[in-house]
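The chains referred to below are lettered A, B, ... by the order of the sequence lines, with proteins before strands, and numbering in each begins at 1.
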Amino acid sequence: MKLLCEKVYNLVRQIPRGKVMTYGQIAEILGEGYTARTVGYIMKLSPPDVPWHRVINAKGGCSTGKLTIPINLQQKLLEQEGIQFNKKGFCDLSKYKWIPRRLLPDKNSSLPG
DNA sequence: AACTTGACGAGGG
DNA sequence: CCCCTCGCCAAGT
């Protein structure tokens, strides 16, 4: 269902540079019958217009499953945006996980220190 | 229609 | 922290 994809693509395109989102969060935001699995599935269908590389798993790492794409590619793309990864291949979601304005409270949201 | 797979997530040992 | 299991929805066979 491409219409389902557009909801995901439309949201992923909102992700600013230097930030990332998780499959579960995207699914959580869209809600209407989406799950992390479904989002991930749709991500692999994402057109070049979609910054798919800004979508990672809840562990802050690039799963990319089975060498569907060159490993390091997603991680490198994110590093080029200023995101720092551990030697284990994980980034701090509490610092890089982006949240859509529409979900933010009236005031600026403060991250848990 | 039923079974199996998949770029995921949360819980238990 | 690492490994395994169950749940979720969609697509392919």
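Atom P of nucleotide C/dA10 and atom CG of A/Leu30 are separated by 12 Å, given to the nearest angstrom. Note: NE2 (A/His53) to P (B/dA7) measures 19 Å, nearest angstrom. Put simply, CZ on A/Arg37 is 14 Å from P on C/dG7, counting in whole angstrom units. Rounding to whole angstrom units, CD1 of residue A/Ile26 and P of C/dA10 are separated by 16 Å. C/dA10 atom P lies 14 Å from atom NZ of A/Lys7, rounded to whole Å. The distance from atom CZ of A/Phe90 to atom C1' of C/dC2 is 11 Å, rounded to the nearest whole Å. Counting to the nearest Å, the P atom of C/dA11 and the CG atom of A/Leu45 are 9 Å from each other. Per the geometry, CD belonging to A/Gln25 stands 10 Å off P belonging to B/dG9, to the nearest Å.
In the hydrophobic clustering, where aliphatic and aromatic side chains (Ile, Leu, Val, Met, Phe, Trp, Tyr) are joined below 4.5 Å either directly or transitively, A/Phe90 stands alone.
A salt bridge is defined here as a Lys NZ or Arg NE, NH1 or NH2 lying under 4.0 Å from an Asp or Glu carboxylate O, and A/Lys19 with A/Glu81 fails to meet this definition.
With distances taken from any side-chain atom of A/Asn57 to the nucleotides C/dC8, B/dG9, C/dA11, the minimum falls on B/dG9. Listed nucleotides B/dG9, C/dA10, B/dA7 differ in distance to A/Thr38; the shortest reach to its side chain belongs to C/dA10.
Residue A/Tyr41 is in sugar-phosphate contact alone, with no base atom involved, counting any heavy-atom pair closer than 4.0 Å across all strands shown.
For the pair A/Lys88 and C/dC2, the criterion of a side-chain N or O lying under 4.0 Å from OP1 or OP2 is met. For the OP1/OP2 pair of B/dC8 and a distance below 4.0 Å, the side-chain nitrogens and oxygens of A/Ser63 include at least one atom meeting the criterion.
Residues forming a side-chain contact (heavy atoms from CB on, under 4.5 Å) with A/Leu77 (at least two apart in sequence, or on another chain): A/Trp52, A/His53, A/Leu73, A/Gln80.
A chain of hydrophobic side-chain contacts below 4.5 Å, direct or via other Ile, Leu, Val, Met, Phe, Trp or Tyr residues, connects A/Tyr23 to A/Ile42.
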